[in-house]
Amino acid sequence: MTDQSKKNPQPSSQDELPVGPAGVERLISANEHLALATLRAQQQADDADFRYRDLVEGLDAIVWEASSVPWRFTFVSQRAEKIIGYPLNQWMSMPEFVNQMVYPDDRVSVMRACESHAAASADFRLQFRMVCSNQQVLWVALIARYTNDSDHPGQYRGLLVNIEDSIRAETLQKLVTAQTGELVNQQDHLRALATELNLSEHRMRTKMATELHDHLAQMLALARLKLGQARHVRMVPGACLNYIEQSEDVLNQCLTYTRTLVAELSPPVLHEFGLPAVLTWLARQMRRYDLVVSCEFPPSDPWVISEDESVLLFQSARELLINVGKHANTGNALMRLEYKDNILRLSVQDEGRGCDPALLMNSDPSQASKFGLFSIRERMRALGGEFDMTSIPGKGTKTILMLPLPGHPAVAETPSYREKQALSRSRADTASSSSPIPPRGPQTVIKVLIVDDHVMLRESLHTMVDSHEHLHVIGEASNGVEALEGVRALHPDVVVMDINMPRMNGLEAAKLIKREFPRVGIVGLSIHDSEEMVETMAAAGISSYVTKDAAAKTLCPAIEVAFSQHIDESGPELNN
């Protein structure tokens, strides 16, 4: 036997090969099963590989595999050529290629992050910019997971995702947010500027009204007073009396026009007596629009409101009432003032034809401005308040102005108008009982203090009062402070005092005088004639009220009435 035969012994026909037809059949069947199993396994492997590649290539991301030390790609999906643009062989054949693709400003930080995480065998995620083959800068997210299995020890696998759209959307969102904030700030600034412009206009109107009141109206009143004095001069020819009467009529018309003009420019009631009084005055003024306005106000005004806030509320209420008179097709309206939960609510309501609030409150100022609603809404927002409107066609409209006034005293803490009168009378009673005043005799001379800031008018009043035998002017003053000092020094029986004066007005001075000298009678003087004036003077303790243009006829009788009333235990009662 040769060596070759020893190394490769031939199989025994009896042991290795099937014998007979049955053995051959079994052998063929086994081979067929093996071939089919192998074919199925190959087919499944091919299907899995196809699905895997289809999944990988279908992702809008680059699937990659890389060794960590040194950092080098060992697999990159074909999607890389579509997203970045460089061929795949450059990714895997050039170790520095990836470093070169990173945007220069991000390069150092990206490589340091990859190295530090690889040293710690940790997963990580980065966002940075890459430079594509067409030199376009693209934002990407690198998602890396560390693997340490037996087949791939110390490797990273992950995704490189194009996040350019997300970054652009995020940047756009930040830009939109910033611009929105800027627009809101600009809107607030514009609203504040519009409010300031409105208030500046009102201040200018107030200044013009003050000039008319302090100069023109005073001069007209002085001329009227002089004519009234001339009428009583002896030996005046009858023809002259006729001319005097005609001149008085002309001056009265001038004074009436001046008062109307002053009220149109800036109602004195607003600055002298506050919001409820000017709203009451406004309700009466609406009669010129054939509109009867009913008012429901609380018996007291516990809120403390600035003049600017009062001005804006008054202007808004006036525009709302004018709207009712012009557009609601009704002759009645209700104006209500409420204070609850530190919120002042001013409402105007009618039962007219109504409207669609959505049309009137359109954000387009050109649609809303013709009714003034847009302007009113912006005014209230500038004050930190709100404006609400409800309307039903055919059933009327209700508008509410809401202004927060936190920290103001409760209603119960502020005395009402009647309580003020009772308090004034109580003080007068106490003072009268402690030092009774002797009754006036036939020869009693009434001592009078004249208070007015206009020198010529003050001198004319002085002359007119002194012309009566039982009246004697013992002093003069030009403002409320001097009036109080004059009462303390001269002890007059009656003070004749203008209401509108600098430093301290007549109302404040009257309150202080009545508090310290409750037995002194006070006669109020004013160019204006209104019910609000009468009521407010009564609350301040003023006994009588005389308009300057009628002073020649009514002042001296008013002084006598004031002197008589200040010893009456029933307390002062205003006479006009």
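Applying the ring pair (Phe, Tyr, Trp, His ring centres under 6.0 Å) test between Y156 and each of F73, F124, W64 identifies F124 as the sole match. For the pairing with M286, the side chain to side chain contact (heavy atoms under 4.5 Å, CB included) check across I322, V324, V292 returns one residue only, I322.
Going from atom CG of L334 over to atom CZ of R336 covers 4.5 Å, rounded to the nearest 0.5 Å. Going from atom CZ of R79 over to atom NZ of K82 covers 5.0 Å, rounded to the nearest 0.5 Å. Atom NZ of residue K398 and atom CE of residue M389 lie 13.0 Å apart, to the nearest 0.5 angstrom. Note that CD1 of I84 is 8.5 Å distant from OG of S133, once rounded to the nearest 0.5 Å. Atoms CZ and CD, from R381 and E378 in turn, are 5.5 Å apart once rounded to the nearest 0.5 Å. Residue H189 holds its NE2 atom at 12.0 Å from CG of L183, rounded to the nearest 0.5 Å.
P298 and L337 get closest at one heavy-atom pair: CD-O, 3.0 Å. Across all non-hydrogen atoms, the minimal contact from P502 to N479 is O-CB, 3.3 Å. Closest non-hydrogen pair, S310 versus L275, comes out as O-CD1, 4.0 Å. Among all heavy-atom pairs drawn from A141 and R125, the shortest one is CB-NH2, 4.2 Å. For L138 against C132, the heavy-atom pair with the smallest separation is CB-SG, 3.8 Å. Smallest separation of non-hydrogen atoms from R503 and V481: NH2-CG1, 3.8 Å.
In this structure, the side chains of E351 and N332 stay at 4.5 Å or more apart for every pair of heavy atoms. Side-chain contact between K174 and T177 is absent, with no heavy-atom pair separated by less than 4.5 Å. The side-chain heavy atoms of R318 and Q315, taken from C-beta on, include a pair separated by under 4.5 Å. Counting heavy atoms from C-beta on, the side chains of Y289 and N323 never come closer than 4.5 Å. Contact of the N342 side chain with the L405 side chain is not registered, since no non-hydrogen atoms from C-beta on lie closer than 4.5 Å. F128 places none of its side-chain heavy atoms less than 4.5 Å from the side chain of S109. Considering only heavy atoms from C-beta on, I163 comes within 4.5 Å of Q127 through its side chain. You'll find the side chain of R345 stays beyond 4.5 Å of the side chain of L401, heavy atoms only.
Remark: side-chain polar atoms of S77 are paired, donor with acceptor, to backbone N or O of V63 under 3.5 angstrom. Judged purely by atom type and a 3.5 angstrom limit, R205 uses its side chain to pair as donor or acceptor with the backbone of E264. Side chain of N505 to backbone of M501: no donor-acceptor contact under 3.5 angstrom is found. Counting only distance, with no hydrogens or angles, the side chain of D106 and the backbone of R129 share a donor-acceptor pair below 3.5 Å. Formation of a donor-acceptor pair under 3.5 Å by the W139 side chain with backbone atoms of I167 is not found in this model. A donor-acceptor pair under 3.5 Å links the side-chain atoms of S391 to the main chain of G396, judged by distance alone. A donor-acceptor contact shorter than 3.5 Å links the side chain of T147 to the backbone of Q155. Between the D123 side chain and the Y146 main chain, a donor and an acceptor come within less than 3.5 Å of each other.
Within 6.0 Å of CD on E386 lie no more than 12 heavy atoms contributed by other residues, nucleotides or ligands. Heavy atoms of other residues, nucleotides or ligands lying less than 6.0 angstrom from CE of M111 number more than 12. Atom CD of E81 has more than 12 heavy atoms from other residues, nucleotides or ligands within 6.0 Å.
Under a 4.0 Å N-O distance rule, the pair R112/E115 does not qualify as a salt bridge. A salt bridge does not link R145 to E65: none of the charged side-chain nitrogens sits closer than 4.0 Å to a carboxylate oxygen. Taking 4.0 Å as the cut-off between side-chain N and carboxylate O, E164 and R168 count as a salt-bridged pair.
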Item checked: Residue pair Y339, F297: steps toward the side-chain contact (heavy atoms from CB on, under 4.5 Å) verdict -> CA-CA 9 Å; Y339 182 68; F297 299 157; over 6 Å; no
Next item on the list: Verify side-chain contact (heavy atoms from CB on, under 4.5 Å) between R203 and D308, making sure each step is shown before the conclusion.
Entry: CA-CA 10 Å; R203 294 185 190 108; D308 288 348; 3.5 Å; yes
Margin query: Go through it in stages, so that I can follow the logic: the residues are S306 and V311, the test is side-chain contact (heavy atoms from CB on, under 4.5 Å), and I'd like the CA-CA distance, side-chain angles, deciding distance and then a yes or no.
Written below: CA-CA 9 Å; S306 69; V311 166; over 6 Å; no
Check: Could you walk me through whether M335 and L346 pass the side-chain contact (heavy atoms from CB on, under 4.5 Å) check?
Finding: CA-CA 7 Å; M335 183 163 51; L346 173 60; 3.9 Å; yes
Note to self: Using salt bridge (Lys or Arg N to Asp or Glu O under 4.0 Å), reason through E211 and K207 one step at a time and then give a plain yes or no.
What the structure shows: CA-CA 6 Å; E211 291 292 326; K207 183 178 180 181; over 6 Å; no
